[in-house]
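Report on the following structure.
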Amino acid sequence: MEEVAVVENKKVILKKYVDGIPAETDMEVKMGDTIELKAPKGSSCFLVRNLYLSCDPYMRGRMRDFHGSYLPPFLPGQRIEGFGLARVIDSDDPNYTPGELICGITGWEEYSLLRSSNELQLRKIQLDDAIPLSYHLGLLGMAGFTAYAGFYEICSPKKGESVFVSAASGAVGQLVGQLAKLNGCYVVGSAGSKQKVDLLKNKLGFDEAFNYKEEADLDAALKRHFPEGINIYFDNVGGSMLDAALLNMKVRGRIALCGMVSLQSLSSSSQGINNLYNAIPKRVRLEGFLQSDYVHIFPQFLEHVKGYYKEGKIVYIEDMSEGLELAPAALVGLFSGQNVGKQVVWVAKE
């Protein structure tokens, strides 16, 4: 009988439910668990070695004891999960073959036993020497697709329009701004440091950018950059920035509600939106969205964005942390702006 190799499987677990902004201490890197490097016969599962993990703000919502969202909460004491890129090691699923590269929801651990389902948003990755492998989690992954779907499907941009992007140097914002420029728009981004503002203007091609931390009056900052008003606001932060944008929207402006990373709590917030009335006389449309609503245009997104990248029309910035033990700090850093670009954790080298 063939002997099956057994290895340690380091993983990141959630210690307890979190309502506010998560801390590293809310998670734990657990050692000592083991896993057989074989998919159990008759299980219809396949075993993967996780190579890269994606840190995304939506994961914070799954750390709450809240069951009314589009994704169930993580379980205390269990490993957390998120988008990752992995190589198939063994398979009892005829659709997956050892050696294949896949992208989708996987465990925050070294090895994961997966069973294919729509919820995992699994797709196979074809190697392309022109594109870094990790970009399939960012530029060509959930973050990039969020930017693409949100900008084109929600914002419906027209050439010459004025576009404002918050958290503009992040995983989503950096691509929104570049797509807007390719569409012939005037684009301004906000970010939280001089380094990020410089990147927006000098590397990512934004027309203007400002450090929101240096602005005592966000309404005045937006009026300075958009004296005629804003056609499109791609909102990644919510809070006071959304409130200021509502004062500066043009008639029939569009606001894509992508994220609310500025909120201290997702369950209850003492910070309301004061300027929503302005959406009525200006006929502004505000719409929240999930990238998973638009999977039918994913092939179109891949074709367009791969092409733009290979032609040198867009660039993409990553912030890479090396080692699973750094994953909790990398995730938590999203909520204080520690990352510069798309935050990825490099779990294993091949």
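These values consider heavy atoms only, across backbone and side chains, with no hydrogens, waters or symmetry-generated copies. Note that the numbering runs from 1 along the sequence shown for the chain.
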Do you know the tightest heavy-atom contact between [X] and [Y]?
X: L331; Y: M27; result: CD2-SD, 4.1 Å
X: F289; Y: A256; result: CE2-CB, 4.1 Å
X: V345; Y: A330; result: CG2-CB, 4.0 Å
X: F210; Y: A221; result: CE1-CB, 4.2 Å
X: G229; Y: S162; result: O-CB, 3.7 Å
X: D235; Y: S166; result: OD1-OG, 3.5 Å

Drop me the distance from [X]'s [atom1] to [Y]'s [atom2], to the nearest 0.5 angstrom.
X: N95; Y: I102; atom1: CG; atom2: CD1; result: 12.5 Å
X: C45; Y: L114; atom1: SG; atom2: CG; result: 8.0 Å
X: K250; Y: I230; atom1: NZ; atom2: CD1; result: 10.0 Å
X: D26; Y: Y17; atom1: CG; atom2: OH; result: 13.0 Å
X: L218; Y: S190; atom1: CG; atom2: OG; result: 8.0 Å
X: Q338; Y: S193; atom1: CD; atom2: OG; result: 10.0 Å

Would you call the rings of F226 and Y186 parallel, tilted or perpendicular, where under 30° means parallel and over 60° means perpendicular? perpendicular
Going through the checks in order, is the side chain to side chain contact (heavy atoms under 4.5 Å, CB included) test met by L53 and T106? CA-CA 8 Å; L53 297 175; T106 187; 3.9 Å; yes
Return yes when atom [atom1] of [X] has more than 12 non-hydrogen atoms of other residues, nucleotides or ligands closer than 6.0 Å, and no otherwise.
X: K194; atom1: NZ; result: no
X: K30; atom1: NZ; result: no
X: K313; atom1: NZ; result: no

Can you confirm whether the side chains of S91 and D93 place a donor and an acceptor under 3.5 Å from each other?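 On atom types as modelled, these side chains do not qualify, holding no pair under 3.5 Å.
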Taking atom types as modelled and ignoring hydrogens, do the side chains of N183 and K159 form a donor-acceptor contact shorter than 3.5 angstrom?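 Side-chain D/A pair, N183 to K159: absent.
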Test: ring-ring contact (aromatic ring centres under 6.0 Å, His included). Region: residues 68-87. Which pairs qualify, not counting sequence neighbours? none
Salt bridge between [X] and [Y], side-chain N to carboxylate O under 4.0 Å?
X: R60; Y: D19; result: no
X: K11; Y: E28; result: no
X: E81; Y: R79; result: yes
X: R49; Y: E350; result: no
X: D207; Y: K181; result: yes
X: E287; Y: R285; result: yes
X: K310; Y: D128; result: yes

After noting the C-alpha distance and the side-chain angles of V261 and F335, does the key distance pass the side chain to side chain contact (heavy atoms under 4.5 Å, CB included) rule? CA-CA 7 Å; V261 76; F335 304 103; 3.6 Å; yes
Within the structure provided, determine whether [X] and [Y] are in side-chain contact (heavy-atom separation under 4.5 Å).
X: Y58; Y: M142; answer: yes
X: I255; Y: L242; answer: yes
X: P72; Y: R62; answer: yes
X: I317; Y: Q174; answer: yes
X: L199; Y: V197; answer: no
X: P157; Y: Y152; answer: yes
X: I125; Y: L133; answer: yes
X: Y135; Y: K342; answer: no

Fellow cluster residues of [X], listed by chain then number, with links counted only when side-chain atoms sit under 4.5 Å apart:
X: L37; value: V7, I35, L47, I89, Y111, L113
X: V251; value: none
X: Y277; value: I280

Determine yes or no for a side-chain-to-main-chain donor-acceptor pair under 3.5 angstrom, with K124 supplying the side chain and E100 the backbone. no
Donor-acceptor pair, side chain of D92 and main chain of S43, under 3.5 angstrom: yes
Decide side chain to side chain donor-acceptor pair (under 3.5 Å) for S292 and Q121; before the verdict, give the C-alpha distance in whole Å, the side-chain angles of both, and the deciding distance to 0.1 Å. CA-CA 9 Å; S292 53; Q121 297 185 48; 4.9 Å; no
Single-linkage hydrophobic cluster [X]~[Y], side-chain heavy atoms < 4.5 angstrom:
X: V163; Y: L247; result: no
X: W346; Y: M59; result: yes
X: L140; Y: I105; result: no

Side chain to side chain contact (heavy atoms under 4.5 Å, CB included) between E318 and S134, intermediate numbers included: CA-CA 9 Å; E318 277 187 326; S134 57; 2.7 Å; yes
Given the rule in the side chain to side chain contact (heavy atoms under 4.5 Å, CB included) test, do Y309 and I131 qualify, once you have shown the distances and angles that lead to the verdict? CA-CA 8 Å; Y309 180 76; I131 297 173; 4.0 Å; yes
Please enumerate all residues that pass ring pair (Phe, Tyr, Trp, His ring centres under 6.0 Å) together with Y96, with sequence neighbours excluded.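 By the ring pair (Phe, Tyr, Trp, His ring centres under 6.0 Å) rule, Y96 matches F46.
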For F301, ring pair (Phe, Tyr, Trp, His ring centres under 6.0 Å) partners two or more places apart: F145, Y148, F298
Would the F234 and F164 ring centres measure less than 6.0 Å apart? no
Applying salt bridge (Lys or Arg N to Asp or Glu O under 4.0 Å), run through E8 and K10 and close with a yes or a no. CA-CA 6 Å; E8 184 180 46; K10 187 165 38 177; over 6 Å; no
